[in-house]
Undergrad: 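Could you have a look at this structure, given as C-alpha cells, before my questions?
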Amino acid sequence: MPWPRRGGRSRIPPSRAPPRHRSPMTDRVFTADLAAHFGQEVLLRGWVQRLRETKSTTFIVLKDASGTVQVVADPQKTKPLGLKTEDCVEVVGRPRAEARARQGYEVDLVDVRLLAAAAEGLPFTSMSKLDDVGPEVQLDYRPMTLRTDRGGTVFRVQAALIEGFRAALRRRRFTEIFSSKIVGGGTEGGTNLFEIKYFERSAYLAQSPQFYKEHGVAGLERVFETGHVYRAEPHATSRHLTEYYSLDLEMGFVDGPEDVMQLEREVLSEVFEEVRTRFGDPVPGFDSYLPSLMEVPAWEFGECLERLRSAHGREDLVDDLDPEAERQLCALAEKETGVSAVFVVGFPLANRPFYTHPRGAAGAAQSFDLLFRGLEITTGGQRLHRRADLEEALRGRGIEPSSFEAHLRMFDLGMPPHGGLAIGAERLTGQVLGLKNVREATLYPRDRHRVEP
RNA sequence: GGGGUGGUAGUUAAGUCGGUUAUAACGCCGGCCUGUCACGCCGGAGGCCGCGGGUUCGAGUCCCGUCCACCCCGCCA
C-alpha cells in the first residue's frame with residue numbers, strides 16, 4: 001500500500017480508496033480520549049480556555065469539541081508566544097496521570113503553536129457566565145456563546161432532541177421526507193405568510209409542511225419532517241419566532257387524535273430518555289425537566305375551562321386558552337399526575353384550519369395541544385381524509401374548493417384516515433432546559449425586528 | 001398591533017432631592033507567586049452616561065423627540 005495503514009482501519013481496496021496522506025490532523029487526539037494515550041506523544045488542537053503563567057509553570061486549559069484538559073508547560077516555551085485566552089492553538093504533549101490535576105491526569109507540553117490569535121478586548125469569553133452577558137452581545141459573537149459550557153450544552157441538547165425524534169420515529173416505520181419551503185399558497189388560512197419574489201410572480205415561504213405531510217401519508221403511510229417554517233406574525237414575545245424549527249409527523253390509519261397523542265407520549269418519553277442518558281438529569285447547569293410523559297392526561301377543552309374556573313377563578317376564557325391558562329393547567333396536571341404536562345383535546349372547530357376533523361356534532365375539533373411545563377409545544381390532530389368533507393369544510397369557510405384543486409386531487413388516491421402533529425423544536429428545547437426565552441434555544445433567532453446575524 | 005421596563009467602562013449593574021473628580025464587580029494590561037483550574041497579592045488603564053433638542057447658574061438625573069433592547073398581551077409551535 002502506498003500510504004501508511006493505521007490500525008488496519010481502511011477496508012477500501014487501494015485502487016478505490018481516497019488518497020490518504022499522513023497529516024497531523026489524522027493523528028489528532030481529542031481531549032476526551034487522552035486516557036488511552038498516557039505516555040505517548042499526542043497532538044491536541046483547540047482553544048485556550050484558561051491561562052495561568054507563573055515564573056516556573058504555565059497552565060493552559062485547552063478546550064476542544066470533546067471537552068477540556070489541563071496542559072502544563074515550561075514558561076520558556078509559552079511566554080514568547082504571548083498566549084491569551086480564546087487563542088486557537090495546536091499542542092504536542094504527553095498525557096500522564098497526575099493526582100494534583102482536577103481530572104486526575106494532565107498533559108506535559110512538548111510544543112505549542114498558535115494557529116490563530118483571538119482579538120484583545122472581546123466582550124466575553126468561553127469562561128463567562130452567560131447570565132452576565134446580554135442576549136444581544138451573545139448574538140453579536142455567537143460562536144463564543146457556543147464555546148461556553150452553557151451555550152454549548154443548549155445546542156448539543158437541541159441536536160440530541162432532534163436526533164431522538166428521528167430515531168424514535170424510524171423505529172416505528174416512519175420515513176423522513178423533505179418538502180419544499182417555497183410554496184404557492186398557505187395551508188392554514190393565510191394572512192401570516194411571507195411573500196417572496198419568485199421570478200415574474202409571487203411565492204411564499206412555507207408556514208407548515210402540512211399538505212406535503214398528508215401527501216406523504218398517501219404514499220408512504222407514515223412520514224415525518226424536521227425543518228424550518230415561517231410565520232409572518234408580528235409577535236414580540238419570549239416564545240415566538242418568525243422562523244422556527246418544526247418537528248412534524250403525520251401517520252395513516254388512525255382512529256382518532258388519541259392515536260397521535262399516544263404516539264407523542266411514547267416518542268417524547270424516548271427522546272427525553274436519550275437526553276437523560278447522554279447529558280444526565282438534571283442536565284448540569286440547567287433547571288432541566290425530562291420526565292416520562294407516558295401518563296400525561298388528556299383533558300377536554302370544556303373540562304379545562306371548568307378546572308380553571310374552580311381552581312383559579314378564571315371566568316374570562318371562552319374559546320381559547322391564554323398563556324396564563326396554559327401555566328395554570330400544567331400546574332393542575334402536575335398536582336394530579338406529578339408531571340407538568342397535559343393534552344388539551346377538542347378545541348372549538350371554528351378557529352382551526354379547514355382540514356381539521358370535527359369531534360362529534362358540537363363544533364369541537366379532533367385536535368389537541370400539548371402543554372409542557374406551562375407552554376404549548378405541540379398542536380396535532382386528526383385530519384379530514386375524504387375529498388367531499390374537505391370541499392364542504394372549505395365552502396363552509398367561504399373558500400372555493402377549486403382554489404385547492406392541486407391539493408384535493410391527492411385525496412382521490414385512497415387517502416387513509418390520518419393525523420399528525422408538530423412540535424416547536426426551540427420551544428421544546430427551552431422547556432426541557434428551563435430557559436426563559438426561546439431565543440436562548442435558537443442559534444440565529446428571527447423575530448419582528450431581527451434578521452441578523 | 002397594544003401596553004410596560006430599560007439603555008452609564010469590554011461585560012453586568014449602582015448612581016439619593018438636579019450640585020464638586022461618575023461608582024462596584026467581573027474582565028483587560030503590567031508585576032509577584034512551583035500546583036493553578038471562581039486562585040491569591042500589588043499596581044494600572046479604561047466613560048461624549050444610546051442619539052438629537054429643550055429647561056436650568058448647573059443635567060447621567062427633569063421634559064420632548066428619536067433609535068435600540070428586553071418583558072407582557074393579542075396570536076401561535
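Remember, predicted model here, so these are calculated numbers, not experimental data. Within every chain, numbering begins at 1; the chains are lettered A, B, ... in the order of the sequence lines, protein sequences first and strands thereafter.
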Undergrad: Base, sugar-phosphate, or nothing for A:E136, non-hydrogen atoms under 4.0 angstrom?
TA: sugar-phosphate
Undergrad: Please measure how far the C1' atom in B:C41 lies from the corresponding atom in B:U36, and state the result in whole Å.
TA: 15 Å
Undergrad: Using OP1 and OP2 only, check whether a side-chain N or O of A:R239 sits under 4.0 Å from B:C73.
TA: yes
Undergrad: Please determine if a side-chain N or O atom of A:T379 lies less than 4.0 Å away from the OP1 or OP2 oxygen of B:A77.
TA: yes
Undergrad: Any side-chain N or O of A:R448 below 4.0 angstrom from OP1/OP2 of B:G1?
TA: yes
Undergrad: Given B:A77, B:C33, B:G35, which nucleotide is nearest the side-chain atoms of A:H240?
TA: B:A77
Undergrad: Between B:U12, B:G74, B:C76, which nucleotide has the shortest distance from any of its atoms to the side chain of A:D322?
TA: B:G74
Undergrad: What do you reckon, do A:Y244 and the base of B:A77 stack, with centroid distance below 5.5 Å and planes below 30°?
TA: yes
Undergrad: For a quick check of understanding: with a heavy-atom distance under 4.0 Å over all strands, which category does A:E106 fall into, base, sugar-phosphate or nothing?
TA: base
Undergrad: Looking across every strand, which nucleic acid part, if any, lies under 4.0 Å from A:L241 by heavy atom: base, sugar-phosphate, or nothing?
TA: base
Undergrad: Can you figure out which of B:G35, B:A77, B:A38 approaches the side chain of A:R427 most closely?
TA: B:A77
Undergrad: B:C28, B:C76, B:A69: which one has an atom nearest the side-chain heavy atoms of A:T85?
TA: B:C28
Undergrad: Using the C1' atoms only, state how far B:A45 lies from B:G1, rounded to an integer number of Å.
TA: 48 Å
Undergrad: Of the candidate nucleotides B:U36, B:U34, B:A38, which contains the atom at the shortest distance from the side chain of A:R52?
TA: B:U36
Undergrad: Please tell me which of the listed nucleotides, B:A77, B:C71, B:U11, lies nearest to the side chain of A:P123?
TA: B:U11
Undergrad: Side chain of A:R327, heavy atoms from C-beta onward: which of B:G74, B:C73, B:U11 has the nearest atom to it?
TA: B:C73
Undergrad: Please state the P separation for the pair B:C62 and B:G7 - nearest whole angstrom.
TA: 10 Å
Undergrad: Rounding to an integer number of angstrom, what distance separates B:C49 and B:U21 when you compare their C1' atoms?
TA: 15 Å
Undergrad: From the set B:C71, B:A77, B:U11, return the single nucleotide nearest to any side-chain atom of A:S238.
TA: B:C71
Undergrad: Might you work through the salt bridge (Lys or Arg N to Asp or Glu O under 4.0 Å) test for A:D87 and A:K84, ending with a clear yes or no?
TA: CA-CA 6 Å; A:D87 281 349; A:K84 58 188 179 310; 3.4 Å; yes
Undergrad: Can you figure out which of B:A77, B:C71, B:C73 approaches the side chain of A:T237 most closely?
TA: B:C73
